[in-house]
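Structure first, then comments.
Proteins come first, then strands; the chains are lettered A, B, ... in the order of their sequence lines, and each starts at number 1. Values reported hereafter were calculated over all heavy atoms of this structure, with side chains retained and with hydrogens, waters and symmetry mates removed. This structure is a prediction, so every number in the text was calculated from the model and none was measured.
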Amino acid sequence: MDEKLPEKLLRPYNPKETEERIYKLWEDSGFFNPDVCIEKGIIKADAEHFSMVLPPPNVTGNLHTGHALMLVIEDIMVRYARMQGKKTLWLPGTDHAAIATQSKVEKLLEKEGLKKKDLGREEFLKRVEKFAKESHDTIVNQAKKMGATLDWSREAFTLDEARNVAVKTAFKKMYDDGLIYHGHRIVNWDPKGQTVISDDEIVYEERKAKLYTFKYSVDFPISISTTRPETKVGDTAVAVHPEDARYKKYIGKTYNIEDFCGVKLEIKIIGDESVEKDFGTGALGVTPAHSQIDSEIAGRHKLESKQVINEFAKMTVGDERILNKKTTEVRETIVNWLKENNLLEKEEETTQNVGTAERTGAIIEPLPKLQWFIDVNKKIPSRKNKSLKELMFEPVKEGKIKIIPEHFEKVYFNWIENLRDWCISRQIWYGHRIPVWYHEPICIPKTGKEDQTDKCKKTVVSIEKPICEYCDAKYEQDEDTLDTWFSSGLWTFSTLGWPKQTKDLKTFHPTSMLETGHDLIFFWIARMILMSQYLLNEIPFENIYFHGMVRTADGKKMSKSLGDKAIDPLIIIAKYGNDALRMAMIVGNTPGKDLKLDENDVRGYKNFANKLWNISRYVLGVERSGELKKELLDEWNSLGKDITADMENLRFYLAAEKIYHYVWHRFADEIIEKSKDTPEYGATLYHILENSLKLLHPFMPFVTEEIWGMLPVESMENKKLLMVEKWPFESAFGKPYDK
RNA sequence: GCGGGAUUAGCUCAGUUGGUACGAGCGGCGCUUUUACACAGCGAAGGUCGCAGGUUCGACCCCUGCAUCCCGCACCA
C-alpha cells in the first residue's frame, strides 16, 4: 500500500531474521553494563539501583526450559528496572557444582573404561575443567539466544580465582570464630560417590522391605525388629521405654552373646523415652555407629559405638561368612543364620523410605567419620550473641527479606527449626580445597630453634600455604573439598568483589531481588542468608521471587534429567520466536506455581507478534495528524498505571495479559477500525503504538525493538534504543514492591 | 505423622481489597476472502467457580469440616 514503508514490514514478522541482529545491537550498545549507561547519560549517576545475580547454572551441560523460564522472568525484571532509569545490574555466572560435575565426568570416563584414580587427581581435574569450560560456553551462548541482558563484563564462576579467595576468607573467619569444627560424627556416606553428603542432598525413595523380628540368642529376654539385620552385629544395646511394664525389670542388665553369626555381642538393656511401646516389639536394637537416631540414644547413655560397615558398604567384622562381604549379601546370611538357629520369629513386608544420594542414586550408608562442620547453634559475639540459625531466621521473620509467594516463609522457618550442623567437607576432587594445612609429623628444627619445636602449629587454617616458624617441615593441605553450596552461599557478594571493599559491593549490595526455583530454598537461599548475615552483617537480597517448575503439557517434570523428552527451548525459539516463548511462559504463570508449557500457547503468541507487526504497518501508513483524542488517552493512561502497578508488585502474568489484550482486542480491533472512517486519528494512533511498544518491551523485547527502529525519527526527540527508553508511567508506589 | 498448594469454560490456566464470572491461549460452531493482518475479522455457544455448612445486605474470594490430586519435610527401629 505504501512504498515509504520498510520492505521487510510488508512481509509477515520473521523472528529468525530479527533476533540475532537485535541482540547484537543491544550487546554492542554496552547498556547491559550500568556503568556504560551512566557514561552515556542514559541513567543518572545517583539513580536508585536495581541489582540481581543470575542463579548460576551448573556447568554440567545445556540450559533446559527451567533455565529459560528463569532467564525470561529475570530479564523482564531487569528490563523494566532499566526503563525506569534505575542503575540496573544483572550479574551472570556459572556454578562448578562440585559433585554434579564430577560425577558427570566420571560417567564419561567410564565409557572409556577409565576411573578417576587411573588418571590421578591432577589429570582428572584437567578433564573436569575442560568439560566445565565447554559447558560454560554452551550456556553463555544459550543465554544470549534467550535475549538475556546480562552484564557479561562482570561474569563470574564459583570456582575462579577471585571466588576462591572469597571462599578461603569466609572459611578462615568462621574457623577463627569457632563456627567451623572438625568432628567425628555419624554422617551420610555415599558409597558410590565415595563422599559424605549433607542432609539436604538425600532423596528419600519409598521401597518395599522386609521387617525381621528375632532374638540375639535363645537366652536373650527381648525380641527386636529390624529391616537391616546386617547392622545388628554392631549393636551394643537394646532400648525400651522406661515405663514399659514388660521390660522394666531388665533395664540396666547386660547380656553377653557369645556367638551372633560369628560375632560376640555385649548388649545392655537401657530405658529411653524415644522408644515407642506400641511399635513392633516395643524394643529397639541400638546400633550407634550406623544410625543417626541410635547414635543419639547412645550419646545419652554413654554407649560404646562399634563400626561394622566400611566406606564400600562392606562388613568389617566377623568370620569368613560375613567379613568383607557386601551389606546386601550379609543381610541374607544373617537371616539364614537366624532361621537355622530358630531365632527368627517373624518376617513381614513393609514399605520404608530409603535415603539415596541425589547425584549418584546410591543408598546412603550412615557411618561415623571425621568431617568438617559448621555449627549452626553457637552464639556469635560479633553478632550480638546470635547463632547462625537466628541470623537466618530473623531477616525473614522481620520482613527485611520478603518471599514471594509468601507461604514459602513457613517452609523456610520449618527447615531452620530442624536444622542440624552443616557438614561441609566432601571427599571429591573437584571443588574448593579446604584451606586447612597439617604440619608434617616429623619436625626438622630451624637453626637456633631446636628446643622450640613443641611450639610448631600442627593445624593451620590459612589462605596461603603456611610456613612453620620453628622448623622446616612442610604443611600438607587437607585432601577434601568444600560442599559446592559453601561457595554458592557467598554468591551475592563474592561476585561484587568481596572480600575487597569494592565500589560495586557498596553500590549493589544487598541486592534487590533474588529470583529462582523454589527447589533451591534450602540449598541456596538459606545458605546465602547465612553467609551474608554472618560475613557482611547484612541481608543478601531484599526480595525473593520463586518461580515454579516447568512441566511438559502432560504434566511431567522437565527440568531434571529428562533428557530428550524435555522440550528444548532453543528449538521452540527457532520455530516460534523468542518473544512468543517468553509470552507463553509469563501469561498466567503465577509465582511458585508449576508451569505446563504447551506448544500451542507458544504458537498463539507468535501470532500476536505478527499482529503487532501488522498494526505497526497500518499505523506507519497513516499521517501523524490531528489532536490526541482525550477519551482514548485517558483510557490508555488508566491502563498504563494499572500495568505499572502490576509490574511494581511483580504480577507480570497480569501485566503481560493486560497489555496483550489491549493491543489486540482494543487497539487493533476497535480503535484502529474506528479510525478508518474518522479523520484526524493519526496522532492518537502513533501515541498509543509508541507507548504500547514500551509497555510490551520487557515481555517481547525483540519484535518491539525491531518495530521501534522503524518508527520515523522526526516523530520523537532523542530517539534511543527502546531497551533504554523511559517507561512512560511513574512508579505507582513510593518504594518498589511495597504492598 | 507435620506442613504447604491445587480443585473456575472441552483442555491448560488467569481472576490483585468480598459487589451480578472482564477473562486468556488452544480446541469446537456459524459467517466473512475485504480489510494493515486468514499467523485475520465478526458473531454465537460453553461455567450451579470440588462438596457441605457458616459469616455477610452480598462469597469463586473470608471461616469450619469433608473429598480428590500434587508437592515439601520428618520417619518405626
Side-chain angles (χ1 to χ4, degrees), chain A residues 1-2 5 9-14 199-200 202 204 209 211-213 224-228 231-232 235 238-239 274-276 278-287 291-294 297 350-353 355 405-415 417-419 518-519 521-522 548-549 551 553-555 557 576-577 580 583-584 586-590 592-622 642 645-646 649-651 653-658 660-661 664-665 668-669 672-673 675-676 685 739:
Chain A
M1 56 164 278
D2 197 329
L5 290 175
L9 200 52
L10 299 176
R11 286 174 283 121
Y13 174 60
N14 186 339
D199 295 343
D200 299 291
I202 297 178
Y204 287 95
L211 181 68
Y212 302 97
T213 303
I224 58 162
S225 301
T226 184
T227 52
R228 298 199 60 190
T231 63
K232 297 292 106 182
D235 282 12
V238 163
S274 71
V275 180
E276 279 183 43
D278 303 327
F279 185 84
T281 62
L284 161 66
V286 183
T287 324
S291 156
Q292 187 71 49
I293 302 256
D294 292 11
I297 295 175
T350 59
T351 52
Q352 62 170 172
N353 279 335
E406 216 171 322
H407 72 258
F408 279 106
E409 285 184 4
K410 234 175 173 171
V411 178
Y412 179 77
F413 294 144
N414 184 45
W415 180 80
E417 273 164 37
N418 297 318
L419 185 63
H518 58 74
D519 52 336
I521 185 165
F522 311 137
M549 303 292 112
R551 292 170 186 280
D554 55 348
K557 211 172 175 176
Y576 305 103
M583 282 298 275
I586 285 302
V587 174
N589 181 16
T590 46
K593 264 189 84 173
D594 289 354
L595 168 74
K596 282 182 193 158
L597 187 64
D598 191 337
E599 222 176 300
N600 282 334
D601 292 353
V602 187
R603 198 188 316 128
Y605 291 110
K606 175 185 187 281
N607 295 350
F608 178 58
N610 192 54
K611 184 77 187 180
L612 189 63
W613 191 253
N614 284 307
I615 289 169
S616 306
R617 183 196 305 171
Y618 179 78
V619 174
L620 281 166
V622 304
D642 196 19
D646 286 335
N649 287 296
L650 310 172
R651 297 188 294 249
Y653 55 103
L654 281 184
E657 190 186 336
K658 280 176 190 166
Y660 164 90
H661 194 260
W664 196 324
H665 300 297
D669 290 349
I672 288 181
E673 285 309 314
S675 80
K676 286 175 183 169
L685 296 186
K739 278 176 193 160

Please tabulate the protein-to-nucleotide N/O contacts below 3.5 Å involving nucleotides 14-17 of chain B, giving atom names and distances.
residue: B:A14; atom: OP1; partner: A:Thr590; partner atom: OG1; Å: 3.1
residue: B:A14; atom: OP1; partner: A:Lys593; partner atom: NZ; Å: 2.6
residue: B:A14; atom: OP2; partner: A:Lys593; partner atom: NZ; Å: 3.0
residue: B:A14; atom: O5'; partner: A:Gly588; partner atom: O; Å: 3.4
residue: B:G15; atom: OP1; partner: A:Tyr653; partner atom: OH; Å: 3.2
residue: B:U16; atom: O2; partner: A:Arg651; partner atom: NE; Å: 2.9
residue: B:U16; atom: O2; partner: A:Arg651; partner atom: NH1; Å: 3.3
residue: B:U16; atom: O2; partner: A:Arg651; partner atom: NH2; Å: 2.7
residue: B:U16; atom: O4; partner: A:Lys658; partner atom: NZ; Å: 3.2

Residue A:Asp669, side-chain heavy atoms: nucleotide from B:G27, B:C42, B:A77 that is nearest: B:C42

Selected nucleotide, minimal atom distance to A:Lys606 side chain, candidates B:G27, B:G41, B:C39: B:C39

Heavy atoms only: give me the nearest [X]-[Y] pair and the separation to one decimal.
{"X": "A:Ser675", "Y": "A:Tyr618", "value": "OG-OH, 3.8 Å"}
{"X": "A:Ser225", "Y": "A:Thr281", "value": "OG-CG2, 4.0 Å"}
{"X": "A:Val411", "Y": "A:Phe522", "value": "CG1-CZ, 3.6 Å"}
{"X": "A:Leu595", "Y": "A:Ala584", "value": "CD1-O, 4.3 Å"}
{"X": "A:Tyr653", "Y": "A:Thr590", "value": "CE1-CG2, 3.5 Å"}
{"X": "A:Val238", "Y": "A:Ala283", "value": "CG1-CB, 4.0 Å"}

Expressed in angstrom and rounded to an integer, what is the separation of [X] atom [atom1] from [N] atom [atom2]?
{"X": "A:Leu595", "N": "B:C70", "atom1": "CG", "atom2": "C1'", "answer": "16 Å"}
{"X": "A:Tyr660", "N": "B:C13", "atom1": "OH", "atom2": "C1'", "answer": "14 Å"}
{"X": "A:His407", "N": "B:C70", "atom1": "NE2", "atom2": "P", "answer": "17 Å"}
{"X": "A:Asn600", "N": "B:G10", "atom1": "CG", "atom2": "C1'", "answer": "14 Å"}
{"X": "A:Asp598", "N": "B:C11", "atom1": "CG", "atom2": "P", "answer": "14 Å"}
{"X": "A:Arg11", "N": "B:A40", "atom1": "CZ", "atom2": "P", "answer": "19 Å"}
{"X": "A:Phe413", "N": "B:G4", "atom1": "CZ", "atom2": "P", "answer": "13 Å"}
{"X": "A:Asp601", "N": "B:C11", "atom1": "CG", "atom2": "C1'", "answer": "10 Å"}

Does the [X] side chain pair with the main chain of [Y], one donor and one acceptor, at a distance under 3.5 Å?
{"X": "A:Asp594", "Y": "A:Met549", "result": "yes"}
{"X": "A:Arg617", "Y": "A:Leu10", "result": "yes"}
{"X": "A:Trp613", "Y": "A:Asn14", "result": "no"}

What interatomic distance, in whole Å, is found between [atom1] of [M] and the corresponding atom of [N]?
{"N": "B:G50", "M": "B:A44", "atom1": "P", "answer": "27 Å"}
{"N": "B:U33", "M": "B:C11", "atom1": "C1'", "answer": "31 Å"}
{"N": "B:G5", "M": "B:A9", "atom1": "C1'", "answer": "23 Å"}
{"N": "B:C49", "M": "B:C62", "atom1": "P", "answer": "15 Å"}
{"N": "B:C70", "M": "B:U8", "atom1": "P", "answer": "16 Å"}
{"N": "B:G30", "M": "B:A45", "atom1": "P", "answer": "15 Å"}
{"N": "B:U56", "M": "B:C63", "atom1": "C1'", "answer": "12 Å"}
{"N": "B:A24", "M": "B:C42", "atom1": "P", "answer": "12 Å"}

With a 4.0 Å limit, can you tell me whether [X] has a side-chain N or O closer than that to the phosphate oxygens OP1/OP2 of [N]?
{"X": "A:Lys611", "N": "B:A40", "result": "no"}
{"X": "A:Thr226", "N": "B:A77", "result": "no"}
{"X": "A:Tyr412", "N": "B:G72", "result": "no"}
{"X": "A:Tyr204", "N": "B:C75", "result": "yes"}
{"X": "A:Lys410", "N": "B:G3", "result": "no"}
{"X": "A:His665", "N": "B:G25", "result": "yes"}
{"X": "A:Trp664", "N": "B:G41", "result": "yes"}
{"X": "A:Gln352", "N": "B:A77", "result": "yes"}

Just name whichever nucleotide pairs with [N], Watson-Crick or G-U, keeping both distances under 3.5 Å, else none.
{"N": "B:U55", "value": "none"}
{"N": "B:G1", "value": "B:C73"}
{"N": "B:G28", "value": "none"}
{"N": "B:A45", "value": "none"}
{"N": "B:C60", "value": "none"}
{"N": "B:U33", "value": "none"}
{"N": "B:A6", "value": "B:U68"}
{"N": "B:U16", "value": "none"}

Value rounded to 0.5 Å, distance of CG in A:Asp235 from CD1 in A:Ile224: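 Reported value, rounded in 0.5 Å steps: 5.5 Å.
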
Beyond-backbone contact of A:Lys606 with A:Met583, side-chain heavy atoms, under 4.5 angstrom: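 Answer no - side chains too far apart.
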
By the 4.0 Å heavy-atom rule, please label [X] as base, sugar-phosphate, or nothing.
{"X": "A:Thr227", "value": "sugar-phosphate"}
{"X": "A:Glu673", "value": "base"}
{"X": "A:His661", "value": "sugar-phosphate"}
{"X": "A:Tyr13", "value": "nothing"}
{"X": "A:Ile224", "value": "nothing"}
{"X": "A:Asn607", "value": "base"}
{"X": "A:Ala668", "value": "base"}

Under-3.5 Å donor-acceptor pair between A:Asn418 side chain and B:C73 base: no

Base B:A36 to side chain A:Lys676, donor-acceptor N/O within 3.5 Å cut-off: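 In this structure, the two groups form a donor-acceptor pair.
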
Pairwise 5' ranking along RNA chain B for A:Thr350 and A:Ser616, keeping only the more 5' one: A:Ser616

Residues, nucleotides or ligands: over 12 heavy atoms within 6.0 Å of A:Asn418 CG: yes

